[in-house]
2 protein chains.
Amino acid sequence: MIEYILLGFLKKGEMSGYDIKFYMSNSTSHFYDASFGSIYPALKRMLGLGLIGVREGISEGRLKKTYFIREKGSAEFLKWLEAPVPGGRGKMEHLIKIFFYDFLPEQKASELIRGFIASTEEKIKELDELEARIAEKAGRFSISTLLFGKDYYKFTAEWYKKFLKTA
Amino acid sequence: MIEYILLGFLKKGEMSGYDIKFYMSNSTSHFYDASFGSIYPALKRMLGLGLIGVREGISEGRLKKTYFIREKGSAEFLKWLEAPVPGGRGKMEHLIKIFFYDFLPEQKASELIRGFIASTEEKIKELDELEARIAEKAGRFSISTLLFGKDYYKFTAEWYKKFLKTA
DNA sequence: TACGCCATGTAAATTGTTACATGATTCC
DNA sequence: GGAATCATGTAACAATTTACATGGCGTA
C-alpha cells in the first residue's frame, strides 16, 4: 500500500522522504498517514526494484536525497490507480485513490467513480437485508451502527454523484 | 484492540470463537472484522489473564469451547468503553465503541457521544484552515478529498446529533 | 466418497508503529 | 548555548492476516 502512495507523491514532483511526510500532513493525513519508519525503508525497497531513482545532494549543509519516479514506477502506479476502487467495509480507502485521480484522464476517472458509486449502492442493499434479519434481536446502540453504516454509504454515494455533476 | 471487542461480544452472552466470528459477520463486519488467526490466540491470552473463563463440551460430536466473561474482564471492558471516543483521522473507530454502548447507562452514553460530536466539529475547523492554506496549489481531485473529509465530519456530527434527539 | 460446513488451532509472513541514534542548521 | 526544525535511518516491537494442519458431521 505505502509504495503506491509514495509513487503518487513522487509523480507530483521530485522530493525527499522528509518532504513526502510534510506533504502528507498537509493533504492526506486525515485519512492516510505514514511514519518515517515506514517511508524510508519503502523508498529503499522501491529503489532496489527500479521503480524510483535518487539524487543525493547537499542543501544548506544538510544531506538531502531527492527521489524521482521512473517509467517502471509510473506504470505500476497507474495500473494500481486504474483498478476498481475497493468498496471495502466502511473504510475510507476510496479517498486514497481519488486523491491521485488528477493523474487519470477525465473520462477514466469518472468511470471509476461511477463504479465506486455502484458498489456503494450494493452495500446499502446488503445492509438493508441485514437490518431486516437482525432488527429484533439487537440493542439500540448496536442497531445504530448498522444504521450509521447505511447512512454513511448513502452519504458517500450522494457525495460522489454531486461531485461528478459539478465537475 | 481485539481483546475489547471479544469482551464486548462475550458480555452479550457465552459463546465460542467460531460463534463470535459468525456474530461479527452479521453485525460489526462492515467496520470491524477479525480472523480466526487473531480470535483464537486472543481468547487464549485473555484466559491466561483471567479476563474470561471457558467451558469445554461436546456438541453434536464436535469439540466446542464456550467462553464467558469474568468480573475482571467486565471491569476492563467498561473502563475501555467509558474512555472518550477517539476522534482519529477519518477512521470509523467510533462505531466500534458505539456498537457496545448498550452496556453503558443512558446518561454516560449521551455524554460520550456529545464529546465525540465536539471533537468532530474540531476536525471540521482544522480542515477549514487547511483548505484556506492549500486551496490554490492542489488539483481538482486532491482538493476533493479534503472537501470529502469536511463533508464526512459534518455528516457524522449531524448524524449523532439527530441520533441523540430521536433517542 | 467427496464436498461443504462446523470447529479449533499454529506458523509464517506482512505491515506497520514507536523509540532510538545521529548530526547539521537556524533562531532565540 | 540550547531548543526547534531539518533530515536520514535502524531495531525492536506490535498486531494482524494468510496459509496451513487437523478432524468430525451431514448430505448428495
Side-chain angles (χ1 to χ4, degrees), chain A residues 1-7 9-10 14-26 28-29 31-49 51-68 80 86 88-93 96, chain B residues 1-7 9-10 14-26 28-29 31-49 51-68 80 86 88-93 96:
Chain A
M1 179 89 261
I2 188 172
E3 276 87 354
Y4 295 112
I5 279 98
L6 297 182
L7 286 173
F9 277 106
L10 293 180
E14 192 171 328
M15 61 182 110
S16 70
Y18 195 86
D19 293 337
I20 290 174
K21 173 80 176 154
F22 180 80
Y23 206 149
M24 259 183 195
S25 70
N26 281 317
T28 64
S29 67
F31 59 92
Y32 182 89
D33 210 4
S35 63
F36 286 122
S38 64
I39 292 172
Y40 287 119
L43 288 171
K44 209 175 180 178
R45 280 197 303 277
M46 290 154 75
L47 209 54
L49 293 170
L51 300 169
I52 56 175
V54 68
R55 256 184 281 278
E56 290 185 47
I58 294 167
S59 134
E60 288 150 25
R62 300 186 206 90
L63 171 70
K64 179 126 183 174
K65 293 185 173 182
T66 51
Y67 295 88
F68 56 90
W80 171 76
R89 291 153 287 151
K91 310 272 173 55
M92 297 168 98
E93 292 126 326
I96 302 171
Chain B
M1 179 89 258
I2 189 172
E3 275 88 353
Y4 295 112
I5 280 99
L6 297 182
L7 286 174
F9 277 106
L10 292 180
E14 191 169 330
M15 61 182 108
S16 70
Y18 195 88
D19 293 337
I20 290 174
K21 174 79 176 154
F22 181 80
Y23 205 149
M24 261 184 196
S25 70
N26 281 317
T28 65
S29 69
F31 59 91
Y32 183 88
D33 209 5
S35 63
F36 286 122
S38 65
I39 292 172
Y40 287 120
L43 288 171
K44 209 174 179 180
R45 279 197 304 277
M46 290 154 76
L47 209 55
L49 292 168
L51 299 169
I52 58 175
V54 68
R55 256 184 282 277
E56 290 184 49
I58 294 168
S59 134
E60 286 149 27
R62 300 187 207 88
L63 172 69
K64 179 125 182 174
K65 293 184 173 181
T66 51
Y67 295 88
F68 56 91
W80 170 77
R89 291 151 289 152
K91 312 273 175 53
M92 296 169 98
E93 292 125 328
I96 301 170

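Note that the structure is a prediction, hence the values are computed from the model and not measured. In what follows, chains carry the letters A, B, and so on, assigned in the order in which the sequence lines appear, proteins first and then strands, with residues in each chain numbered from 1.
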Original post:
Going 5' to 3' on DNA chain C, which nucleotide is the first and which the last to come under 4.0 Å of a heavy atom in chain B?
Top reply: C:dC6 to C:dT10
Original post:
Please give, in whole Å, the distance from D:dT8 C1' to A:Lys64 NZ?
Top reply: 11 Å
Subject >> N/O donor-acceptor pair under 3.5 Å between A:Ser29 side chain and A:Asn26 backbone >> reply: no
**OP:** Mind checking ring pair (Phe, Tyr, Trp, His ring centres under 6.0 Å) for A:Phe22 and listing every partner two or more places apart, or none if nothing turns up?
**Re:** none
**OP:** Return the minimal non-hydrogen interatomic distance between A:Met46 and A:Glu3, and the atom names on each side.
**Re:** CE-O, 3.6 Å
**OP:** Please lay out, stage by stage, how A:Leu47 and A:Val54 fare under the test side-chain contact (heavy atoms from CB on, under 4.5 Å).
**Re:** CA-CA 8 Å; A:Leu47 209 54; A:Val54 68; 4.0 Å; yes
Original post:
Has the side chain of B:Lys21 got a donor or acceptor atom that lies under 3.5 Å from a matching backbone atom of B:Ala34?
Top reply: yes
Subject >> Atom pair distance, as rounded to whole Å: CG in A:Asp19 and P in D:dT5 >> reply: 17 Å
**OP:** Between A:Glu3 and A:Arg62, name the one whose nearest nucleotide on DNA chain C is closer to the 5' end.
**Re:** A:Glu3
Subject >> d(CE, A:Met1; C1', D:dT17) in whole Å >> reply: 16 Å
Subject >> Whole-Å gap separating P (D:dT17) and CG (B:Asp33) >> reply: 8 Å
**OP:** Mind checking B:Tyr4 for me? I need base, sugar-phosphate or nothing, with any heavy atom below 4.0 Å counting as a touch.
**Re:** nothing
Original post:
Any side-chain N or O of A:Ser16 under 4.0 Å from OP1/OP2 of D:dA7?
Top reply: no
Original post:
Over how many whole Å does the gap from B:Tyr32 atom OH to D:dT17 atom C1' extend?
Top reply: 12 Å
Subject >> Nearest-angstrom distance from the residue atom OH of A:Tyr67 to P of D:dA7 >> reply: 13 Å
**OP:** Report the C-alpha distance between B:Thr28 and B:Ile96 in whole Å, list the side-chain angles of each, state the deciding distance to 0.1 Å, and finish with yes or no for side-chain contact (heavy atoms from CB on, under 4.5 Å).
**Re:** CA-CA 8 Å; B:Thr28 65; B:Ile96 301 170; over 6 Å; no
**OP:** Figure out the CZ/P separation between B:Phe36 and D:dT22, and round it to whole Å.
**Re:** 19 Å
Subject >> Interatomic distance where CG belongs to B:Leu6 and P belongs to D:dA15 [whole Å] >> reply: 13 Å
**OP:** Identify which one of B:Phe9, B:Tyr18, B:Tyr32 satisfies the ring-ring contact (aromatic ring centres under 6.0 Å, His included) criterion when paired with B:Tyr23.
**Re:** B:Phe9
